[in-house]
Amino acid sequence: MCGFTGFIGDTEDASMVLERMMNKITHRGPDSSGNFVEGDAALGFRRLSIIDLDYGSQPLYNEDNSLVLIFNGEIYNFQEIREELVLKGHVFITNTDSEVIIHGYEEYGEKLVEKLRGMFAFVIWDRINLKLFSARDMFGIKPFYYAHMGGTLFFGSEIKSFLPHPHFNKVLNEEALKPYLTFQYSVLNETFFKGVYKLPAAHYMTYENGNIKIKRYWTPEFNPGAQPLEDMVEEIDHVVSESIHAHKISDVNVGSFLSSGVDSSYVASVLRPNKTFTVGFSDQNFSEIDNACELSDELGIENVKEVLNPDLCLDKLEDIQYMMDEPHSNPSIVPLYFLAELASHDVTVVLSGEGADELFGGYAEYNTNPTLKKYKKLPYWFRKPLGLIAKNLPEIRGKNFLIKGGLPVEEWFIGQAKIFPENEANSLLKTPYGNGPTVKEILKPCYDKVKHEDDLTKMQYMDLHHWLVDDILLKADKMSMAHSIELRVPFLDRNVAEIAGKVPTKYRVNDLDTKYAFRLAAARTLPRESANRKKIGFPVPIRNWIRIEKYYTKIKFYFMNSDAAKFFNQAQIMNLLNEHYEGKANNARKIWTVFMFLIWYEQYFSEKNSQDAEIIKSRQGNVIEFI
């Protein structure tokens, strides 16, 4: 829907500074802008018009103008909340979903967030009490960053919007690099910019008298029910269909991303948009276009497709990493960037299938193969020592089998990506960049909350709190907003989550399939072949690209430059690159992860390029208390 930025703090020429901050995120809202500047408070807004096109501009105010709102997202139950508030005497001046937030805060205070169904990040400034209230949606669909520097609180949809403020101190967070090399994304609450934090999903934040307080208002729960499978499938199909219809509310054209997987296929089959959108590569086994076209034809929908050019993909990596704010090495970000661009020519809103795997048990990693199941029947006293020994072995065949078969899930599962083993990441980095927290320290708070759950639930819980919010959803938001379109995810809905939490383990993952009950529900709408098709997940032929001389040469340039010398043992990263180029090993994901960091660093920190990058991109002592 939009983007916002702002600050609370005494700032010279505050209006001009705010305008420069807003210009950094014009791509999030090219249709209009608005601002509020009073005393120490400055709130800026860029709008992408979706609902109430003529009267939905922000900031918005309550009846006596004592509260000011800037908001990014969509509230899908806003009409229901609006009716409730009108009966209580509140006066509305627009038909937007945004306005229910400010009147809802008047009426319910901090409890408002528990009523909202949707995706959101917002800020409310209380002009009378000089208090800020802000919140982020329960899944973290919409980003929210904040920082407290030089007596000024910064907040916004993207970190880059903080850069023009004179109080903002741009410093690299040395502790973020080591975990990134393992997870492939920024996994810490403190970002790659020192002192800049992500407001966690399902949390709200208050700022008053210089103090920040952060509180969780929701947590996902898995409470399996005992209802018959057929009833459960019926319930899933009903709640998913209702959510998809709720998510299509809009005054602009709505389309759907479509891969070959069951999730996006399910969305498209219920939504029945005029157009679906698909991209792929010409390399064998790296395209989902044929399957997407086949389903679209069967549904009577036009499929808009594009075969991606690797030269163009490599040329756009700098733009992609700039738009992400932090380094991100999931290769699927590349086709997603171009998919959003493709869709932007025809629609302003797209629906997509993110979230079903985490809620309903869809990842292959969740499934235990028959051989491993048999191995786990051996005595634990026999398997555990072998698992401990395997942890210290080099990457050899059978290592993961022994680890998964002999050690608790907490000892080996970190999410859907594991690029560099922790010891290899340490050896790769120069001091002080190997000093970040350990993987175990990062994951322990999550695992502690589900210590009595089964292994499948533990993995889903971990993915919901890290992989989903900081990888899947972050890149979905940033890549869609880079092309000024809004991406909606109907599976990540509070009503859908409630039903997903009732599905027993045996109907999430079993010997027949992953996401078992969900697939049965999807089969009510989809052809059986589509409902049972295995996930591919935006495959990108990076391992092939790196073995092409011109792409190898580009990566080598980054690996051998002075920026790389600050962080990495260059002989070691060049060895990874050369081994792969010569076909001696498949180091593609490791190479790509280092490469993406260096591209990102060049965009934001490299002295030789920072001024030029800023010119190009301009176009387009504190108390923190967790409760």
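Applying the ring pair (Phe, Tyr, Trp, His ring centres under 6.0 Å) criterion to Y266, with sequence neighbours excluded, gives F518. For D346, the salt bridge (Lys or Arg N to Asp or Glu O under 4.0 Å) partners are K275, not counting sequence neighbours. Looking at residues two or more places apart in sequence or on another chain, you find a ring pair (Phe, Tyr, Trp, His ring centres under 6.0 Å) between F567 and Y433, F597, Y601. For W218, the ring pair (Phe, Tyr, Trp, His ring centres under 6.0 Å) criterion is met by F139, not counting sequence neighbours.
At a threshold of 4.0 Å, the pair K215-E110 does not count as salt-bridged, since none of the basic side-chain nitrogens sits closer than that to a carboxylate oxygen. Using a cutoff of 4.0 Å between basic side-chain nitrogens and carboxylate oxygens, K554 and E318 are scored as salt-bridged. Using a 4.0 Å cut-off between charged side-chain N and carboxylate O, E190 and K194 make a salt bridge.
Scanning both residues, S243 and P490, for their nearest heavy atoms gives OG-O, 2.7 Å.
Between Y197 and Y146, the ring centre distance stays below 6.0 Å. For an aromatic pair to be called close, the ring centres must be under 6.0 Å apart, and Y204 with F133 satisfies this. Note: H148 and Y207 meet the aromatic proximity criterion, with ring centroids under 6.0 Å apart. Ring centroid separation for the pair F193 and Y604 comes in under the 6.0 Å cut-off.
In this structure the side chain of Y551 reaches within 4.5 angstrom of the side chain of P310, judged on heavy atoms. Proximity of L308 to L312: side-chain heavy atoms (C-beta onward) are nowhere separated by under 4.5 Å.
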Would you list the atom pairs, donor with acceptor, under 3.5 Å between side chains in residues 179-188 and any protein atom, with sequence neighbours excluded?
| unit_1 | atom_1 | unit_2 | atom_2 | d |
| --- | --- | --- | --- | --- |
| Y180 | OH | T593 | O | 2.7 |
| T182 | OG1 | F420 | O | 2.8 |
| Q184 | OE1 | R589 | NH2 | 2.3 |
| Q184 | NE2 | D471 | OD2 | 3.0 |
| Y185 | OH | W467 | N | 3.4 |
| S186 | OG | E326 | OE1 | 2.6 |

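Pairs of residues two or more places apart, or lying in two chains, that qualify as salt bridge (charged side-chain N to carboxylate O under 4.0 Å, His left out) and include a residue from residues 152-165 are R28-E158, E158-K160, K160-D325.
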